[in-house]
Amino acid sequence: VTAEAVDIKAGTVNTIVEHNTMNGADISGVNYADSFIDIKGDEIIVRFNKMEWQGNSLVDHGIHVLKREHNNSNVYQNDVAMGDGMAFLKIGRGTVRAVDNRLNYSGPLANTYSSGAINASLETDLPAVHQYTGFQDSGGPPISDPATCLALERDKKVEINLDQFNCVDIPVELSGQLMQVWDSKDNSSCNFRGKVVSSSNGAEWAITANYAGTREMTGRRVLVEPSNGCLYLIMRWL
């Protein structure tokens with residue numbers, strides 16, 4: 001499509017968008033067409049979708065929540081590939097509850113403006129996920145695989161080369177877990193300084209010393225972003 005794959009109009013309530021694959025290759029940028037989904041209604045659920053920009057720099061963000069009638073929505077467990085620096089959510093009004101969205105690029109979870117806000121918890125009474133059968137592949141351009149991240153097991157110090165992996169997957173929810181970072185031992189040419197970013201809510205953890213530890217990260221994937229060009233570090237979680 002040349003505009004948004006889904007445009008949820010003002011006046012709509014309780015729309016569910018789930019189990020879709022959205023291809024951004026032909027999004028045109030014309031008449032503000034620069035996202036996979038526009039939300040203008042209220043109480044929207046967007047979950048279990050795959051959004052792939054296909055290298056189209058006219059895709060500026062994943063979901064735009066416009067200043068119409070929106071008050072509250074839940075956006076979770078979507079798999080998103082866009083260009084580095086792009087924001088998954090652009091929120092102009094109301095609160096978007098965003099949890100466990102996997103961002104396969106380096107960029108913020110959300111940019112807010114006007115009265116827009118983000119919340120890292122879902123509502124507790126969401127409807128069950130639907131099951132669909134009988135659909136066939138459209139035969140369109142292939143959707144690229146998600147970025148490969150390093151799978152980090154519990155209580156194992158692992159040397160990481162960011163040329164190979166710039167994201168780390170954890171098998172459990174990180175909330176309350178201790179995550180640790182050290183300077184590399186195998187590569188002593190530099191000492192990593194930068195930040196670790198949660199892909200579920202955009203929370204950032206600054207690494208400014210030879211060792212750092214935190215229990216403030218959430219989600220099951222983190223992105224590792226150097227600020228000094230150093231690509232080597234050690235990570236562990238407990």
Does the side chain of [X] reach to within under 4.5 Å of the side chain of [Y], using non-hydrogen atoms?
{"X": "Phe165", "Y": "Cys149", "value": "no"}
{"X": "Asn49", "Y": "Met51", "value": "yes"}
{"X": "Arg102", "Y": "Val80", "value": "no"}
{"X": "Ile45", "Y": "Thr15", "value": "no"}

>> Under the criterion side-chain hydrogen bond (donor to acceptor under 3.5 Å, both in side chains), I'd like the reasoning laid out for Ser175 against Glu173: C-alpha separation, chi angles, the key distance, then a yes or no.
In response: CA-CA 6 Å; Ser175 297; Glu173 165 61 43; 2.7 Å; yes
>> Can you confirm whether the side chains of Asn74 and Glu123 place a donor and an acceptor under 3.5 Å from each other?
In response: yes
> Quick check: are there more than 12 heavy atoms from other residues, nucleotides or ligands sitting under 6.0 Å from CG of Asn31?
Replying inline: no
>> With rounding to the nearest 0.5 angstrom, report the CD1 to CZ distance, Ile118 to Phe88.
In response: 9.0 Å
>> Could you measure the distance from the CZ atom of Phe36 to the CG atom of Asn23? Nearest 0.5 Å is fine.
In response: 8.0 Å
Closest heavy-atom pair and its distance - [X], [Y]:
{"X": "Asn101", "Y": "Val75", "result": "ND2-O, 3.0 Å"}
{"X": "Phe192", "Y": "Glu225", "result": "CZ-O, 3.8 Å"}
{"X": "Leu238", "Y": "Gln180", "result": "CD1-OE1, 3.8 Å"}

> Mind checking whether His19 and Phe48 have parallel, tilted or perpendicular rings, split at 30° and 60°?
Replying inline: parallel
> Going through the distances and angles, do Arg193 and Asn210 end up as a side-chain hydrogen bond (donor to acceptor under 3.5 Å, both in side chains)?
Replying inline: CA-CA 8 Å; Arg193 300 293 182 267; Asn210 295 342; 2.7 Å; yes
>> Between Arg97 and Asn72, does the side-chain hydrogen bond (donor to acceptor under 3.5 Å, both in side chains) criterion hold? Intermediate values first, please.
In response: CA-CA 8 Å; Arg97 300 171 179 271; Asn72 181 74; 3.0 Å; yes
> Can Ser184 and Glu159 be said to form a side-chain hydrogen bond (donor to acceptor under 3.5 Å, both in side chains), step by step?
Replying inline: CA-CA 7 Å; Ser184 171; Glu159 288 270 356; 2.7 Å; yes
